[in-house]
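I have placed the structure first, in the form of structure tokens, so that the comments after it can refer back to it.
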Amino acid sequence: MAESVASEDGPADSSESPHISDADAFRILWEMKMKKRQKCPSLPETVTELGTEDGSKVYIVGTAHFSDSSKQDVVKTIQEVQPDVVVVELCQYRVSMLKMDEETLLKEAKEINFEKLHQAIKQNGVMSGLMQILLLKVSAHITEQLGMAPGGEFREAFKEASKVPFCKFHLGDRPIPVTFKRAIAALSFWQKVKLAWGLCSLSDPISEDDVEKCKQKDLLEQMMAEMIGEFPDLHRTIVSERDIYLTYMLKQAAKKTELPRASENEPQKSMPTIVVGVVGMGHVPGIEKNWSTNVNIHEIMSVPPPSKLSRIITFAAKVTFFGLVSYGCFCVSRRTARFILSVPATKYCLQRLNQMRMWNF
């Protein structure tokens with residue numbers, strides 16, 4: 001009688017509740033992903049579709065780094081295609097922006113302080129570090145004018161990728177120290193001075209029309225393109241070489257996906273990969289151009305040794321810095337000594353010591 005009551009009211013022991021095996025959990029998650037994946041996705045106009053020989057597909061979302069519409073394009077694309085890999089135009093030196101909130105990022109982007117200068121010089125060297133700070137100044141100028149933190153599309157990509165089962169998240173950009181060091185090495189001394197002056201003098205206000213244009217074209221990359229247009233070598237290192245690197249990383253991500261296994265005894269299966277790439281729209285033409293070629297990144301990852309002039313300037317900058325610090329310490333110590341000697345108590349002690357010395361003689 002007791003058994004019949006237990007069966008009517010519910011299971012008598014919680015251990016008898018249904019249990020989902022790892023194999024079933026994998027299968028359910030995979031089926032959910034496949035059901036959400038659209039065979040003929042409705043994608044924004046900013047998306048470019050590329051393919052590989054083994055059937056993998058790469059959807060490149062060309063974005064403007066200061067645009068709300070770009071963030072919406074990224075979200076829609078990831079939701080439609082349910083990718084296996086998401087690749088973003090970031091490197092390990094800029095990955096922190098993925099986990100910072102908009103308010104903090106907005107404050108960080110506007111402020112360029114001594115700590116940032118020291119960190120840039122420590123990572124990239126004196127000349128490359130100073131150039132990075134000047135480029136941050138450009139970004140800070142746009143940030144202040146638009147009231148919008150950069151990299152919103154990358155944060156949205158990170159959030160959406162975490163919602164897709166078995167989706168990997170890759171950093172696809174070349175490390176920024178390599179880019180800056182190669183860029184500086186490509187310029188002559190006077191070109192460096194001219195470029196630095198152009199970056200320092202950037203203070204034109206951004207109108208409402210420019211804000212609207214941001215939704216159609218990457219304002220930051222457009223302004224940079226205008227400034228570096230007269231420096232072909234700089235354009236090659238900052239834009240063209242990164243096009244090659246991004247292409248290589250997208251191709252690596254587009255290799256066949258190994259399907260998840262519930263156990264080690266289960267045979268390994270693979271299928272074509274779906275990739276979503278999130279890059280500035282200025283890189284999309286270069287990626288399309290390089291897609292059908294065998295790209296090699298070894299050459300563009302090498303950092304040329306500093307020139308003799310660069311070493312002289314670096315040495316002179318260090319000597320000047322330490323000289324100023326030493327002179328400052330000297331001036332402070334001299335003033336401190338004068339102040340101490342002028343204190344009545346100090347004068348009295350010195351007089352007593354002088355009298356004691358006279359008595360000993």
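The analysis underlying the following values was restricted to heavy atoms, covering all of them including side chains, and did not include hydrogens, waters or symmetry mates.
At distances below 3.5 Å, not a single donor-acceptor pair connects side-chain atoms of Glu241 with backbone N or O atoms of Ile238. Arg182 places a side-chain N or O within donor-acceptor distance of the main-chain N or O of Ser302, the cut-off being under 3.5 Å. In this structure a side-chain-to-backbone donor-acceptor pair under 3.5 Å is present from Lys33 to Pro83. Under the 3.5 Å distance criterion, the side-chain polar atoms of Thr77 are matched with a main-chain donor or acceptor of Asp73. Between the Trp291 side chain and the Gly51 main chain, a donor and an acceptor come within less than 3.5 Å of each other. Judged purely by atom type and a 3.5 angstrom limit, Gln38 has no side-chain atom pairing as donor or acceptor with the backbone of Val81.
Note on Phe158 and Val75: separate hydrophobic clusters, where clusters join Ile, Leu, Val, Met, Phe, Trp and Tyr whose side-chain heavy atoms are under 4.5 Å apart, directly or indirectly.
Between the side chains of Thr63 and Ser70, no donor-acceptor pair of N or O atoms lies under 3.5 Å. Side-chain atoms of Asp84 and Thr273 form no donor-acceptor pair, as typed in the model, at a separation below 3.5 Å. A donor-acceptor pair shorter than 3.5 Å can be found between the side chains of Thr179 and Arg174.
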Salt bridge (Lys or Arg N to Asp or Glu O under 4.0 Å) assessment of Glu89 paired with Arg242: CA-CA 9 Å; Glu89 185 199 330; Arg242 289 173 61 220; 2.7 Å; yes
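Dense packing is recorded around CD of Gln92, with more than 12 heavy atoms of other residues, nucleotides or ligands lying under 6.0 Å away.
Between Trp30 and Phe166, the angle of the ring planes lies from 30° to 60°, which puts this pair in the tilted group.
Under the 4.0 Å criterion applied to side-chain N and carboxylate O atoms, Lys35 and Glu31 are not assigned as salt-bridge partners.
For Asn290 against Val295, the heavy-atom pair with the smallest separation is O-CG1, 3.9 Å.
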